[in-house]
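Note sheet for the following structure.
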Amino acid sequence: MERLAGRVAVITGGGSGIGLASVRRLASEGARVVVADVDEAAGAAAAKEVDGLFVRTDVTSESDVTALFAAAHDTYGSVDVAFNNAGISPPDDDSILETGLDAWWRVQQVNLTSVFLCCKAAIPYMQRQGKGSIINTASFVAVMGAATSQISYSASKGGVLSMSRELGVQFAREGIRVNALCPGPVNTPLLQELFASDPARAARRLVHVPLGRFAEPEEIAAAVAFLASDDSSFMTASTFLVDGGISGAYVTPE
Ligand SMILES: NC(=O)c1ccc[n+]([C@@H]2O[C@H](COP(=O)([O-])OP(=O)(O)OC[C@H]3O[C@@H](n4cnc5c(N)ncnc54)[C@H](O)[C@@H]3O)[C@@H](O)[C@H]2O)c1
């Protein structure tokens with residue numbers, strides 16, 4: 001399918017996991033892809049693979065983010081899709097009783113402030129075009145509580161969800177769609193890092209997933225391609241759950 005032929009897509013955190021799978025998927029659907037990552041080696045390799053552009057970006061820096069969207073526009077002539085996806089889930093973000101302000105702020109900056117900055121930078125290009133699709137990566141933890149808390153992470157994703165909804169409503173009549181992508185647990189380095197030391201922690205979570213497994217990054221990238229394309233033209237301000245059924249489950253199959 002060439003649903004994104006002629007479109008320019010900016011993907012933050014494109015060097016790994018969901019971002020990398022989305023770089024590949026959006027390119028395979030015809031998009032010219034701009035990869036943004038703080039990891040130069042991984043980001044440059046991802047861009048090279050799809051003959052795209054790599055822009056070294058720290059998504060917590062307003063000047064970096066402004067330069068990123070300017071580079072996309074200057075190089076390829078438009079900004080049609082912004083997949084604001086970079087995020088972290090560090091081990092020192094834990095129960096509210098254990099988590100210090102350092103970890104709290106670091107996670108808020110990378111997961112939430114970054115989405116504010118990327119939307120702020122992307123929207124003016126899309127307003128001038130009268131068209132655009134913004135996809136912000138939230139998480140299923142934005143709609144469900146966990147006793148195994150990562151307090152700043154959950155709060156940051158709740159922020160991404162409500163900010164996306166608000167922007168989707170505000171800019172709807174200017175042709176700009178904004179949706180929050182809410183993945184369930186996905187088999188990426190972010191999750192592997194969290195569970196590698198403790199298989200019991202992974203098992204405790206898996207039992208809640210009706211499909212009985214974590215998602216593969218390609219399954220999330222397929223949803224990103226849908227939200228990026230005109231196939232989702234009547235969708236905005238949505239909570240787009242791709243979660244293996246977790247959020248709908250009470251008792252799961254044995
Ligand atoms: N893996 C999961 O289970 C899961 C579930 C729900 C939501 N998410 C969200 O999906 C997104 C992607 O997660 P992933 O699992 O693919 O993670 P990942 O760790 O595999 O990839 C994240 C990428 O973001 C980059 N990055 C980190 N900080 C950055 C910064 N300051 N500036 C620019 N780039 C930066 C990293 O270098 C990395 O390439 C995150 O927002 C995450 O919270 C993940």
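For clarity, every value in this text was computed on a predicted model and none was experimentally measured. Every number for a ligand or one of its atoms is a count from 1 in the order of the listing. In this chain, residues are counted from 1 in sequence order.
Counting heavy atoms closer than 4.0 Å to ligand 1, residue Tyr153 contributes side-chain atoms (C-beta onward) but none from N, CA, C or O. Contact annotation for Ala36 and ligand 1: no heavy atom of the residue comes within less than 4.0 Å of the ligand.
Atom numbering of ligand 1 starts at 1 in the shown order; those under 4.0 Å from a heavy atom of Asp39 are 37 (O). Taking every heavy atom of Val110 and a limit of under 4.0 angstrom, the matching atoms of ligand 1 come to 28 (N). Every atom of ligand 1 with a heavy atom of Gly17 under 4.0 Å away is listed here by number and element: 16 (O), 20 (O). Contact atoms of ligand 1 toward Gly13: 23 (C), 24 (O), 25 (C) (distance under 4.0 Å to a heavy atom of the residue). The contact set between ligand 1 and Ser16, taken as ligand atoms under 4.0 Å from a residue heavy atom, comprises 16 (O), 18 (P), 20 (O), 21 (O), 38 (C), 39 (O). Close approach of ligand 1 to Thr137 is summarised as follows: ligand atoms under 4.0 Å from at least one heavy atom of the residue are 9 (C), 10 (O), 11 (C), 41 (O).
In this structure, the protein non-hydrogen atom closest to atom 1 (N) of ligand 1 is Thr188 OG1, 3.1 Å. Of the protein's non-hydrogen atoms, the one nearest atom 29 (C) of ligand 1 is Val38 CG1, 3.8 Å. Of all protein heavy atoms, the one closest to atom 31 (N) of ligand 1 is Asp58 OD1, 3.0 Å. At the shortest separation from atom 11 (C) of ligand 1 among protein heavy atoms lies Asn85 O, 3.1 Å. The protein non-hydrogen atom at the shortest distance from atom 22 (C) of ligand 1 is Gly87 O, 4.0 Å. Scanning the protein heavy atoms around atom 2 (C) of ligand 1, the nearest turns out to be Val186 N, 3.5 Å. Among all protein heavy atoms, the one lying closest to atom 32 (N) of ligand 1 is Val59 N, 3.0 Å. Distance from atom 33 (C) of ligand 1 to its nearest protein heavy atom, with residue and atom name: Thr57 O, 3.1 Å.
For the ligand labelled ligand 1, residue Ala138 lies inside the 4.0 Å heavy-atom shell. Between Thr12 and ligand 1 there is no heavy-atom distance shorter than 4.0 Å. At least one heavy atom of Pro189 sits less than 4.0 Å from an atom of ligand 1.
The shortest N or O to N or O distance between Ile18 and ligand 1 is below 3.5 Å. The N/O atoms of Asn111, backbone and side chain alike, include none that comes under 3.5 Å of an N/O atom in ligand 1. Taking any N or O of Lys157, backbone or side chain, at least one lies under 3.5 Å from an N or O belonging to ligand 1.
The two residues Arg25 and Ser28 make their nearest non-hydrogen contact at O-OG, 2.7 Å. Contact record, Gly184 with Ile246: CA-CD1, 4.3 Å, taken as the closest heavy-atom pair. The two residues Asp231 and Phe226 come nearest to each other via the heavy atoms O-CE1, 3.5 Å. Shortest non-hydrogen contact noted between Asn85 and Thr12 is N-OG1, 2.8 Å.
No more than 12 heavy atoms of other residues, nucleotides or ligands sit less than 6.0 Å from atom CG of Asp51. Enclosure of atom CD in Glu62 is not indicated, since only 12 or fewer non-hydrogen atoms of other residues, nucleotides or ligands lie within 6.0 angstrom.
For atom 5 (C) of ligand 1, the nearest non-hydrogen atom from the set Gly184, Ser139, Pro217, Pro185 comes from Gly184.
The only member of Gln109, Gln108, Lys157 that meets side-chain hydrogen bond (donor to acceptor under 3.5 Å, both in side chains) when paired with Ser152 is Gln108. With respect to Asp230, the salt bridge (charged side-chain N to carboxylate O under 4.0 Å, His left out) criterion is satisfied by exactly one of Arg3, Arg177, Arg7: Arg7.
A distance of 6.5 Å separates CG of Leu227 from CG of Leu181, quoted to the nearest 0.5 Å.
For the 3.5 Å distance criterion, the side chains of Thr148 and Arg204 fail to qualify, holding no donor opposite an acceptor. Defined by atom type and a distance below 3.5 Å, a donor-acceptor pair is missing between the side-chain atoms of Thr57 and Asp64.
The backbone N or O of Val8 sits less than 3.5 Å from a side-chain atom of Asp80, completing a donor-acceptor pair. Side chain of Gln129 to main chain of Lys131: a donor-acceptor pair is present (N/O by atom type, distance under 3.5 Å, no hydrogens or angles).
A cation-pi contact links Arg128 to Tyr125, judged by a cut-off of 6.0 Å to the six-membered ring centre and 45° from its axis.
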